[in-house]
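What follows is a single structure, written as structure tokens, with notes after it.
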Amino acid sequence: MSLHIEAKRGDIAETILLPGDPLRAKWISETFLQDSTCFNTVRNMLGYTGTYKGKRVSVMGTGMGIPSISIYSRELIKDYGVKNLIRVGTAGSYQEDIKIRDIVIAMAASSSGINRSRFNGADYAPTASFELLSKAIKSAEKKEVPIKAGNVLSSDEFYADDFNSYKQWADFGVLCVEMEAAGLYTIAAKHNVNALSILTISDSLVTGERTTAKERETTFKDMIEIALDLA
Ligand SMILES: O=P(O)(O)O[C@H]1O[C@H](CO)[C@@H](O)[C@H]1O
Ligand SMILES: O=c1cc[nH]c(=O)[nH]1
């Protein structure tokens, strides 16, 4: 048992899917896993372990933002021996050609600056695991699911005071915004394990389109199946 997770060591698989929303974790468990059991209810941050195509895999919510995913990913790695951490999140598109429901893989994750204090003012570049990234691309190709990959922004704020501030990131090729990938990649790198963020576009800052909260909780099947193939 760790401070925020009540599972026993051994209850959590080496590969875990990490949605921000704990109810998306429950939906993934109920929809895709066999023989699934719940290993965490602390703070309602639901976590489950089951099998997918015969392979043991876990899924657990992380909450929103870098501080929250940093707590859970550190405990999963240090206290439970997790080796592959795959975020399955939603994101807002920054680019005209990235549409609602498109899948984006975060090769790199910019941030509002959380790593500056860690690195005495210098800019660390959090990046995806090449091994997981390559496997995810192969899985998507096999399923004939188009994906885009590139730099994303892991923002510390959902509601920016200046809405148009996204345009500068967009000008520099950032594909979309979410709130956790940079934290996950940094913690994984520190502990020498693999991390990847697979994102489905839930809304567009360019067009103003958006999906509902229910759709964000219970859809985005292609992203989940690509992530589960990495187990
Ligand atoms: O859908 P999730 O995985 O929570 O991801 C995105 O959605 C939340 C904001 O609505 C943030 O956590 C952001 O990163
Ligand atoms: O962090 C996020 C997630 C989805 N959509 C956004 O605009 N921001």
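Both ligands and their constituent atoms are indexed starting at 1 by order of listing. In this text the structure is predicted, and so the values were computed from the model without any measurement.
- Salt-bridge check for Glu209 with Lys99: failed, with every basic side-chain N at 4.0 Å or more from each acidic carboxylate O.
- Looking at atom 11 (C) of ligand 1, its nearest protein heavy atom turns out to be Glu180 OE2, 3.5 Å.
- No hydrogens or angles considered: nothing links the side chains of Ser155 and Glu157 as a donor-acceptor pair under 3.5 Å.
- Under a cut-off of 6.0 angstrom, the local environment of CG in Asp97 is crowded, with over 12 non-hydrogen atoms contributed by other residues, nucleotides or ligands.
- Checked against a 3.5 angstrom limit, the closest N/O atoms of Arg87 and ligand 1 fall inside it.
- Salt bridge absent: Lys135 and Asp229 never bring a charged side-chain N and a carboxylate O closer than 4.0 Å.
- Side-chain atoms of Asp102 and Thr200 include no donor-acceptor pair closer than 3.5 Å.
- Inclusion of Gly20 in the set of residues having an N or O under 3.5 Å from an N or O of ligand 1 is warranted.
- In summary, the atoms of ligand 1 found under 4.0 Å from a heavy atom of Met64, numbered by their order in the structure, are 8 (C), 9 (C), 11 (C), 12 (O).
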Tabulate distances under 3.5 Å between N/O atoms of ligand 2 and N/O atoms of the protein, writing both atom names on each line.
unit_1	atom_1	unit_2	atom_2	d
ligand 2	5 (N)	Gly92	N	3.3
ligand 2	5 (N)	Asp203	OD1	2.9
ligand 2	5 (N)	Asp203	OD2	3.2
ligand 2	7 (O)	Asp203	OD2	3.1

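- Near Phe158, the atoms of ligand 1 lying under 4.0 angstrom from a non-hydrogen atom of the residue are 9 (C), 10 (O).
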Please step through side chain to side chain contact (heavy atoms under 4.5 Å, CB included) for the pair Ile12 and Phe39, ending with a clear verdict. CA-CA 8 Å; Ile12 305 179; Phe39 64 74; 3.5 Å; yes
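- Under the 4.5 Å side-chain heavy-atom criterion for grouping Ile, Leu, Val, Met, Phe, Trp and Tyr, Leu228 is connected to Leu133 within one hydrophobic cluster.
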Worked verdict on Ile201 versus Cys176 for side chain to side chain contact (heavy atoms under 4.5 Å, CB included): CA-CA 8 Å; Ile201 300 300; Cys176 59; 3.8 Å; yes
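- Each of Asn84, Asn194, Val59 was checked for a side-chain contact (heavy atoms from CB on, under 4.5 Å) with Thr15, and the lone residue meeting it is Asn84.
- The atoms of ligand 1 that sit less than 4.0 Å from any heavy atom of Glu178 are 14 (O).
- Looking at ligand 1, you'll find an N or O of Met179 within less than 3.5 Å of one of its N or O atoms.
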